[in-house]
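Have a look at the structure below, then the notes.
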Number of protein chains: 2
Amino acid sequence: MTISSRFAVGIHILTLIDLNKDGISSSEYLAGSVNTNPAVIRKIMGMLKKSGLIEVHPGIAGAKLAKPISDITLLDVYKAVNVVQEKELFSVHENSNPDCPVGRNIHDTILPLFSAAQLALEKSLGSVTIEDVVRDIMEKEKCK
Amino acid sequence: MTISSRFAVGIHILTLIDLNKDGISSSEYLAGSVNTNPAVIRKIMGMLKKSGLIEVHPGIAGAKLAKPISDITLLDVYKAVNVVQEKELFSVHENSNPDCPVGRNIHDTILPLFSAAQLALEKSLGSVTIEDVVRDIMEKEKCK
DNA sequence: TTCACATGTAATCATTCTGGCTACATGTCT
DNA sequence: AGACATGTAGCCAGAATGATTACATGTGAA
């Protein structure tokens, strides 16, 4: 199993919108860089818009960032594109046998442990911004 | 998306084997507590065995722990049951457009960021042992 | 107003993964 | 030999993903 690439595509979109300040970042343009279908991009754009990360308007070509890139963390994108529900990164088997000491307690014991792990992951994502991503890409470009 | 419940079931199995030291932990017995099919349990037992966490033998009923519970971390179980491949918790879209500065670099830029997040999660799992789980379950039992 | 074009969104489709289940080969002990 | 347990392979229904098509809605210029 893997976390949906919507997350990676979301990062790609935001980064490209920033680096394409002078041009128009339409869903078709973005789709060309990501190499997928414009409808897929529009769906993700809708999620980013709903979370207040970008501004898009029906009928008007192009998306713009709604915040400075230094204020957008990977965690913001991660939550925006809805790849993982709150406290549900790990799934726990339901219907354990209530007649067994382990069966009737395992759920409550495991849940906080899983939550802690998920929080650790999210904290890591929260420490990186789109600005970091943009900077890294520009550095990689220099060396080519 | 969620991480397969094989992970949670693996923890359940190890915990129950420990608390059932006096009895025989056959796949059918374990399945009864988890509330699933014995074949599912046997499949997971095979993974735990392959990783050196338990001892099972064909034809001989019952599984035993291969290590003290204080030496088995949730990370060991997580890796044993193969829910997530190395560096592949997050999926990244392939085939980005090489003619675009973002398209040709995004993969290399994102990968280490995702790896760091995955490592943070694994570190968290590595700090908890089955002993901790057993202790917590016994405490919860006391209060009933 | 009409037309070209962009976003918003629903529906369909093939693919993949999960968990439950059956069936049976293999191995062990009485 | 027979009872029973593990080790596997195979099948199934259900869920999620990403690609694609289609179309309603909205905007601005001719």
Side-chain angles (χ1 to χ4, degrees), chain A residues 1-10 12-13 17 20 23-32 34-51 54-64 66 81-85 88-97, chain B residues 1-10 12-13 17 20 23-51 53-64 66 81-85 88-97:
Chain A
M1 88 91 229
T2 52
I3 289 178
S4 168
S5 67
R6 272 206 307 279
F7 181 28
V9 173
H12 188 145
I13 290 175
I17 291 175
N20 186 41
I24 292 178
S25 298
S26 66
S27 65
E28 192 167 345
Y29 170 78
L30 297 171
V34 173
N35 200 351
T36 183
N37 195 288
V40 171
I41 298 293
R42 286 201 292 273
K43 180 162 189 176
I44 298 176
M45 286 196 334
M47 293 171 163
L48 297 175
K49 176 185 182 182
K50 198 173 170 185
S51 295
I54 64 175
E55 286 174 10
V56 207
H57 303 280
I60 302 179
K64 294 195 184 308
V81 297
N82 236 339
V83 280
V84 172
Q85 307 305 313
E88 289 187 3
L89 173 58
F90 299 93
S91 60
V92 180
H93 53 296
E94 303 290 337
N95 309 318
S96 288
N97 190 341
Chain B
M1 88 90 232
T2 53
I3 289 176
S4 167
S5 68
R6 273 205 306 276
F7 181 29
V9 173
H12 188 145
I13 291 175
I17 292 176
N20 186 41
I24 291 178
S25 298
S26 66
S27 65
E28 192 168 345
Y29 170 77
L30 296 170
S33 173
V34 173
N35 201 350
T36 183
N37 194 286
V40 171
I41 298 293
R42 285 201 291 273
K43 179 161 191 177
I44 298 177
M45 286 196 335
M47 293 173 163
L48 297 175
K49 176 186 183 180
K50 197 174 171 186
S51 295
L53 302 184
I54 63 175
E55 286 173 9
V56 207
H57 302 280
I60 302 180
K64 293 196 185 307
V81 297
N82 235 338
V83 281
V84 171
Q85 306 305 314
E88 290 188 2
L89 173 58
F90 299 93
S91 60
V92 180
H93 53 296
E94 304 291 337
N95 311 318
S96 288
N97 189 340

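Predicted, not measured: the structure shown is a model, and the values here were computed from it. In what follows, every chain begins at residue 1, and chains take the letters A, B, ... in the order their sequences are listed.
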**Item:** Nearest-nucleotide comparison on DNA chain D, the residue closer to the 5′ end among Gly62(B) and Ser91(B)
**Value:** Gly62(B)
**Message:** Looking only at the side chain of Ser4(B) (C-beta and beyond, no hydrogens), which of the listed nucleotides dG18(D), dT18(C), dG8(C) gets closest?
**Reply:** dT18(C)
**Asked** Rounded to the nearest Å, what distance is computed from the CD atom of residue Glu28(B) to the C1' atom of nucleotide dC4(D)?
**Response** 10 Å
**Message:** As a test of reading the structure: which of dT7(C), dG7(D), dT17(D) is closest to the side chain of Ser27(A), going by heavy atoms?
**Reply:** dT7(C)
**Message:** Rounded to whole Å, how long is the line connecting atom CG of Leu30(A) with atom P of dT7(C)?
**Reply:** 8 Å
**Item:** side chain to side chain contact (heavy atoms under 4.5 Å, CB included) involving Lys49(B) - partner list, sequence neighbours excluded
**Value:** Ile54(B), Val56(B), Pro58(B)
**Prompt:** With sequence neighbours left out, what residues match Lys64(A) under side chain to side chain contact (heavy atoms under 4.5 Å, CB included)?
**Reply:** none
Contacts under 3.5 Å, N or O only, protein and nucleotides 24-30 of chain D:
none

**Item:** Whole-Å gap separating P (dG19(C)) and CD (Glu94(A))
**Value:** 12 Å
**Request:** Output every pair passing side-chain hydrogen bond (donor to acceptor under 3.5 Å, both in side chains) with a member in residues 27-41 of chain B, not counting sequence neighbours, ordered by first then second residue.
**Result:** His12(B)-Ser33(B), Ser27(B)-Arg42(B)
**Prompt:** Between dT18(C), dA5(D), dT7(C), which one does the side chain of Met45(A) approach most closely?
**Reply:** dT7(C)
**Request:** Figure out the NZ/P separation between Lys43(A) and dC23(D), and round it to whole Å.
**Result:** 19 Å
For nucleotides 19-22 of chain D, list the nitrogen or oxygen atoms of the protein found under 3.5 Å from its nitrogen or oxygen atoms, one pair per line.
| from | atom 1 | to | atom 2 | distance (Å) |
| --- | --- | --- | --- | --- |
| dA19(D) | OP1 | Thr36(A) | OG1 | 3.4 |
| dA19(D) | OP2 | Thr36(A) | OG1 | 2.7 |

**Asked** Rounded to the Å, how far apart are Ile41(B) CD1 and dC21(C) P?
**Response** 12 Å
**Message:** Can you list everything that forms a side chain to side chain donor-acceptor pair (under 3.5 Å) with Ser96(A)? Sequence neighbours excluded, please.
**Reply:** His93(A)
